[in-house]
Amino acid sequence: MSPNQFQVKASFAGQQRASNARLSLGTHELTIHTSKGSDNNTTTAQVPYSCIYGYEAPNDKAVIAEQDRNKAVVVVHYVAFNGPNLRNPSAAKRTTAQFLFERTEDADRFTQTARDLGAFPKPRRILLLVNPNGGVGKAKRISDTVVKPMLQHSGLTVKEQYTEYGRHAVDIAAKVDLDEVDSLVVVSGDGVLHEVINGLLSRPDWDRARNTSIGIVPAGSGNAIAASLGIVSQFVATLAAIRGETSKLDIFSLSQLNRPRIYSMLSFSWGMMADADIESDNYRWLGPLRFDVAGFIRMIRLRRYSGKVYVLPPKYEQTPSTTEQQLTPPQSPSHKREPESRFQHLLDSNTKEPPKPWSLIPNMPFYSMLLLLNCPNVGETIFFTNTIRFNDGIMRLWYSAETRFWKILMPFLFDQQNGKMVERDLMKDLECGGILIVPGVEGKPDDPSTHTAIDPNWIISPSAKSQGIYQKPGLFDVDGEVMPTARTLIEIHPSLMNILVPEWWYHKDDDNTTARAHESAVIQATKTQQKVCSTFGGVSVVATAVAVVAAAVFLSVNGHSPVDFLQSTLHL
């Protein structure tokens, strides 16, 4: 028997007992082989795709048979997957195994070996942020039934806090004692994770705070970050939080003159997608389907957005100009007030055209949609493209001037979950290292009195002028949050933060075959899921139509007729 194998008596979840079991300990995983029956008729049960999240040596031995009372006991808590489709929420099952060793020395050797190999979680300190109002209000239930019961046996130090108001997570992250926290884990959607990132990076000690790992247990409406990491099951998300393996995460910073910088880990959009995302808040009670409803409505009533967009080649390096040095006071590398900005001088309105190598995306003369993404998924149910990596140091920008309803509808109808939304010539795309957006109109979306046309001559289309589009600045959407429509500089900060990831994303070395096998299983399961979604993509349209009708009926209870509701919605 190898040093990483142990002979024990075992029972699983207090039911199945094996008088002759063998444990195989490997990196991050425990494989259990049990044998039952006579020597001539032996059956073997194996538990593959398992991941330990905790262990204990119980003081109460009442559950142990009388003849085993003097033996050493170790109880292991783990998640077992009943198949290779690790993305399937129903594939994960939380369970336990009770092992009886003949001698205390054997139990101690087993425990120490498990620690050395990383099969047992390393001690860490977690601040758990639960947003009870996120999504459709399911975060508290997920935390109470899945997250906290698993954390209870993990051996980790856990403190739980509920968010009580908008942007509360920003305040929490900005004030948390970093000496007492190793990870900030959100039980909510992408919005609260966005707040945590902005809170950490707004601190005076942001350069230290950015090393605090962040994680998410999907409990919101969108859950784009979790979906991009292969996390659909709350069991898997909690495993990632407990195990503590991390991957680097690129961060975007968005700067506007005389306003605080905003940081994004997911997306920036302007145009149809931004409007649909923000307006979907009116249908939060629909859950993830709210995005389909809002998107469908916005396709029917398309808008146009004038402006100029300049891009910088990816991974471009340059020496700061004299102007930039004047606008950005010199700072010691160890005392920077915020992540470095190399092009802050471009926010000056006197800078009419950015110098080379910045280049202008052709003004068409308007955009119907513009989207910057850092992850493959736009939402839990929208797999945008498989060409994006969230830690490659490159920004990927998609844009379009398309206004034909059927042309926009097709990819949203058939390609929401197969990663091919950009393959129908709806949107052009490019890689870049920086973006400068100069909208044709500046202003706050909810305050018409602030709307100011930058240069009416930019709007060269007679049809656009006849519609008076320069009176509508549109929405700037950052990770689902609205920011003022104004001259905006977007810069990428490669690998600025650390995000907690599932086991199969982590490769400690080339010999980590288990992690690679898990990752291959996820990829294969995703491909299978894509084929199914491509075949039955039309179902989403039916669901959207039903949801629109349901919304009309729902609001009619409050005194609005369905017809009035639909008419007012189409003219938002």
Side-chain angles (χ1 to χ4, degrees), residues 28 53-56 115-116 118 120-132 139 143 147-188 190-217 225 229 237-251 253 260-265 331-340 391 493-502 506 508:
H28 309 133
Y53 65 86
Y55 70 100
E56 59 183 320
R115 290 198 190 100
D116 294 342
F120 286 168
K122 297 178 181 178
R124 288 170 39 251
R125 299 159 301 177
I126 289 181
L127 175 59
L128 193 67
L129 297 181
V130 182
N131 176 20
S143 180
V147 183
K148 287 192 289 187
M150 290 179 66
L151 290 172
Q152 179 183 355
H153 299 291
S154 67
L156 276 60
T157 302
V158 181
K159 180 181 178 181
E160 182 186 39
Q161 186 168 353
Y162 286 92
T163 57
E164 300 174 356
Y165 52 85
R167 296 185 62 80
H168 189 191
V170 174
D171 297 336
I172 294 172
K175 299 175 182 177
V176 65
D177 187 348
L178 299 180
D179 291 327
E180 298 181 356
V181 174
D182 298 310
S183 301
L184 284 168
V185 178
V186 169
V187 185
S188 185
D190 300 314
V192 176
L193 189 63
H194 168 87
E195 292 182 14
V196 166
I197 288 174
N198 279 270
L200 291 174
L201 295 180
S202 67
R203 300 168 59 110
D205 60 346
W206 66 268
D207 200 27
R208 178 190 176 194
R210 71 184 182 88
N211 293 314
T212 301
S213 57
I214 56 175
I216 187 166
V217 178
I225 289 290
L229 293 173
T238 309
L239 278 176
I242 291 172
R243 302 299 309 183
E245 310 295 0
T246 62
S247 179
K248 293 296 182 181
L249 177 67
D250 294 342
I251 298 293
S253 67
R261 290 171 79 180
I262 297 176
Y263 299 93
S264 166
M265 79 290 180
Q331 301 174 29
S332 168
S334 60
H335 294 87
K336 292 179 181 177
R337 292 170 298 182
E338 57 187 9
E340 181 182 8
N391 53 11
H493 304 275
S495 302
L496 187 68
M497 303 193 75
N498 300 303
I499 189 166
L500 296 165
V501 295
Y506 177 72
K508 188 174 182 180

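In what follows, every heavy atom counts, from backbone to side chain, and hydrogens, waters and symmetry copies are set aside. Quick caveat, the model's predicted, so the values are computed rather than measured.
Expressed to the nearest 0.5 Å, how far CG of N198 lies from CG of L193 amounts to 10.0 Å. Atom CG of L496 sits about 9.0 Å away from atom NZ of K248, to the nearest 0.5 Å. With rounding to the nearest 0.5 Å, the separation of OG in S202 from NZ in K175 is 10.5 Å. Taking OG from S154 and CZ from F120, the interatomic distance works out to 12.5 Å, rounded to the nearest 0.5 Å. The distance from atom CZ of R125 to atom NZ of K159, rounded to the nearest 0.5 Å, is 12.5 Å. With rounding to the nearest 0.5 Å, the separation of OG in S143 from CG in L151 is 8.0 Å.
When only modelled atom types and interatomic distance are considered, T246 and N498 share no side-chain donor-acceptor pair under 3.5 Å. Between N131 and T163, the side chains place a donor N or O and an acceptor N or O closer than 3.5 Å (distance only, hydrogens not considered).
D190 approaches I225 most closely through the heavy-atom pair OD1-N, 3.2 Å. Of all the heavy atoms in S247 and N391, the pair that sits closest is OG-ND2, 3.2 Å. In plain terms, the two heavy atoms of Y263 and H194 that are nearest each other are O-CE1, 3.1 Å. Closest approach of A173 to L184, counting heavy atoms only: CB-CD1, 4.4 Å. The two atoms that bring D250 and S495 nearest to each other are OD1-N, 2.7 Å, heavy atoms only. What you find for L201 and R210 is that their closest heavy atoms are CD2-CB, 4.0 Å.
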Steps toward side-chain contact (heavy atoms from CB on, under 4.5 Å) verdict (L239, M150): CA-CA 8 Å; L239 278 176; M150 290 179 66; 4.0 Å; yes
Residues E160, K148; criterion side-chain contact (heavy atoms from CB on, under 4.5 Å); working and verdict: CA-CA 9 Å; E160 182 186 39; K148 287 192 289 187; 3.3 Å; yes
Between I242 and H153, does the side-chain contact (heavy atoms from CB on, under 4.5 Å) criterion hold? Intermediate values first, please. CA-CA 10 Å; I242 291 172; H153 299 291; over 6 Å; no
Checking side-chain contact (heavy atoms from CB on, under 4.5 Å) for the pair V185/V217: CA distance, chi angles, key distance, verdict? CA-CA 7 Å; V185 178; V217 178; 4.1 Å; yes
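Around CZ of R124, the count of heavy atoms belonging to other residues, nucleotides or ligands within 6.0 Å exceeds 12.
In this structure, L200 and M497 have side chains that are in contact, with non-hydrogen atoms separated by less than 4.5 Å. Contact check for V147 versus V130: no side-chain heavy atoms found under the 4.5 Å cut-off. For the pair P121/L156, a side-chain contact is recorded, criterion being any heavy-atom separation below 4.5 Å from C-beta on. Within the 4.5 Å cutoff, the side chain of R203 has heavy atoms near those of the L178 side chain.
A salt bridge links R208 with D179: at least one charged nitrogen is closer than 4.0 Å to a carboxylate oxygen.
Side-chain atoms of R243 never come within 3.5 Å of backbone atoms of L500 as a donor-acceptor pair (strictly under, hydrogens ignored).
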